[in-house]
Amino acid sequence: MIVALVVIARIEGIAWRKLGEKLAWCDFLVEEGWMTKIPSKSTFHAIWRGIDKRLLEQWIILQGKEITSRKEVKGLAVDSSGFKNRQASLWRFLKWSKGGLKRTSRLFRKIHLIIALPSRAIVSLTHSHSNTHDSKVFGGLWQKLPPTLLRPNRRFYADSAYWTENIVGLIKQHGLHPVIRPKSNALIDNPLLGPIVRAHRFYPGLYNHNHHPEYRSSVEHVFGLIKLSFPPILDRLPSTILNTLYSPLICYNYRLLVQHS
């Protein structure tokens, strides 16, 4: 319950110094037996600093697993997006405005998601620095996927950043059908990828035919909805930035869970 309240406080952008005022509205938690007493501001802050990001990742994945158990899954999709770390450092913002900080600096983090279709529930996630290629973290994303989602004949949607022999082979090994646009410099003589490249070059409209219109930009729509619904949150501590970035993802999956309940 304390962790849930802290996540809500982060999503709402409540400063720690003002948290005490907001807690005055939470007396019903004690009256209904959820808590013995309302914790202090320092207790909330200490718990937030002690939360492992892996706990929040598991929380999001469990929510996605529950949603997919209630909603039919027709496919999966993967993509990533950058999030700006809004640390309260005047020096960093001055350096950024003068061009001293690039997009590869620690001001930016990448969040990688795999979502189930058509519910668009988040079923796997991880993070990386902004200069990390999407294909480098796909293995970690795949390992976190619930095994119940890896059923044959389902389609797996991705862009050309995931067009590698290892990724395509891994998807096909589990019986899924990869719907990935080949890169422009893809070779036809490759034993695994060659037949796919040849088919796409002989039939230019094949990708658009296989790529369901509603699923084409599904992950981008999820990122856009999260960024519009939950503005960037100011976080002074580098150790809790990832927890802060994960908080809107928890709320997004929870909304879907309530919607499909």
Side-chain angles (χ1 to χ4, degrees), residues 6-7 10-11 13 48-61 64 76-115 122-145 156-168 170-171 180-181 183 185 217-253:
V6 175
V7 169
R10 290 287 82 195
I11 293 173
W48 181 244
R49 295 185 62 178
I51 295 176
D52 191 343
K53 63 180 183 299
R54 290 174 294 184
L55 174 63
L56 299 183
E57 288 182 357
Q58 293 174 4
W59 190 1
I60 297 171
I61 293 173
L76 302 170
V78 61
D79 209 344
S80 67
S81 183
F83 286 80
K84 186 176 181 180
N85 298 337
R86 298 193 59 188
Q87 290 179 283
S89 173
L90 180 60
W91 176 85
R92 298 185 69 85
F93 286 111
L94 290 176
K95 294 289 286 184
W96 167 252
S97 62
K98 294 180 180 180
L101 290 176
K102 308 301 181 184
R103 292 191 68 85
T104 55
S105 69
R106 292 186 180 180
L107 268 178
F108 296 90
R109 282 276 184 169
K110 258 187 181 180
I111 301 296
H112 306 259
L113 300 181
I114 295 181
I115 67 172
I122 301 172
V123 293
S124 182
L125 75 156
T126 188
H127 66 92
S128 69
H129 293 291
S130 59
N131 57 348
T132 304
H133 197 275
D134 291 351
S135 61
K136 300 296 183 182
V137 300
F138 183 80
L141 276 174
W142 189 268
Q143 292 177 358
K144 297 176 183 178
L145 268 176
F156 196 96
Y157 300 88
D159 57 28
S160 57
Y162 299 91
W163 178 260
T164 66
E165 187 172 355
N166 291 336
I167 293 178
V168 175
L170 181 62
I171 295 173
I180 306 175
R181 187 189 297 274
K183 293 183 178 179
N185 60 348
S217 303
S218 54
V219 189
E220 288 86 348
H221 291 165
V222 171
F223 278 121
L225 182 61
I226 291 173
K227 292 180 180 181
L228 288 175
S229 303
F230 312 102
I233 305 170
L234 183 65
D235 201 326
R236 295 175 180 271
L237 298 177
S239 59
T240 59
I241 284 177
L242 285 175
N243 292 351
T244 300
L245 292 179
Y246 281 162
S247 296
L249 306 183
I250 295 174
C251 189
Y252 170 81
N253 256 12

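Residues take their numbers from the sequence shown, with the count starting at 1.
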- Rounding to 0.5 Å, atoms CZ (Phe156) and OH (Tyr162) come to a distance of 8.0 Å
- Query: With a 4.5 Å limit on heavy-atom distance, are the side chains of Asn253 and Leu249 in contact?
  - Reply: no
- Query: Which pair of non-hydrogen atoms, one from Ile51 and one from Asn243, has the smallest distance, and what is that distance?
  - Reply: O-ND2, 3.1 Å
- Task: State whether the side chain of His133 and the backbone N or O of Ser135 hold a donor-acceptor pair below 3.5 Å, judged by distance alone.
- Result: yes
- Side-chain contact test, heavy atoms from C-beta onward, threshold under 4.5 Å: evaluate it for Glu57 versus Leu125 and give yes or no. yes
- Query: How long is the span from the CZ atom in Phe83 to the CD1 atom in Ile226, to the nearest 0.5 Å?
  - Reply: 6.0 Å
- Would a distance-only check, ignoring hydrogens and angles, find a side-chain to backbone donor-acceptor pair under 3.5 Å from Ser160 to Trp163? no
- Query: Is a side-chain N or O of Lys110 found less than 3.5 angstrom from the main chain of Thr132, in a donor-acceptor match?
  - Reply: yes
- Just do the side chain to side chain contact (heavy atoms under 4.5 Å, CB included) check on Ile111 and Phe223 with the steps written out, would you? CA-CA 9 Å; Ile111 301 296; Phe223 278 121; 4.2 Å; yes
- When rounded to the nearest 0.5 angstrom, what is the spacing between CZ in Arg109 and CG in Leu245? 8.5 Å
- Query: Is there side-chain contact between Lys144 and Thr126, with at least one heavy-atom pair below 4.5 Å?
  - Reply: yes
- Message: So Asp79 and Ile115, do their side chains get closer than 4.5 Å, heavy atoms only?
- Response: no
- Measure across Lys227 and Ser81 and return the closest heavy-atom pair with its distance rounded to 0.1 Å. NZ-OG, 2.7 Å
- Rounded distance [0.5 Å steps], CD in Gln143 versus CG in Leu170: 9.0 Å
- At what distance, to the nearest 0.5 angstrom, does NZ of Lys53 lie from CD1 of Ile241? 12.5 Å
- Query: Okay, side chain of Ser124, backbone of Leu141: is any donor-acceptor separation there less than 3.5 Å?
  - Reply: yes
- Do His112 and Phe138 come within less than 4.5 Å of each other through their side chains, counting heavy atoms only? no
- Item | Side-chain heavy-atom pair Val219, Tyr157 within 4.5 angstrom cut-off | no
- Item | Spacing of CG belonging to Leu76 relative to CD1 belonging to Ile114, to within rounding of 0.5 Å | 7.0 Å
- Between Ile60 and Tyr246 the two heavy atoms that sit nearest each other are CD1-O, 3.9 Å
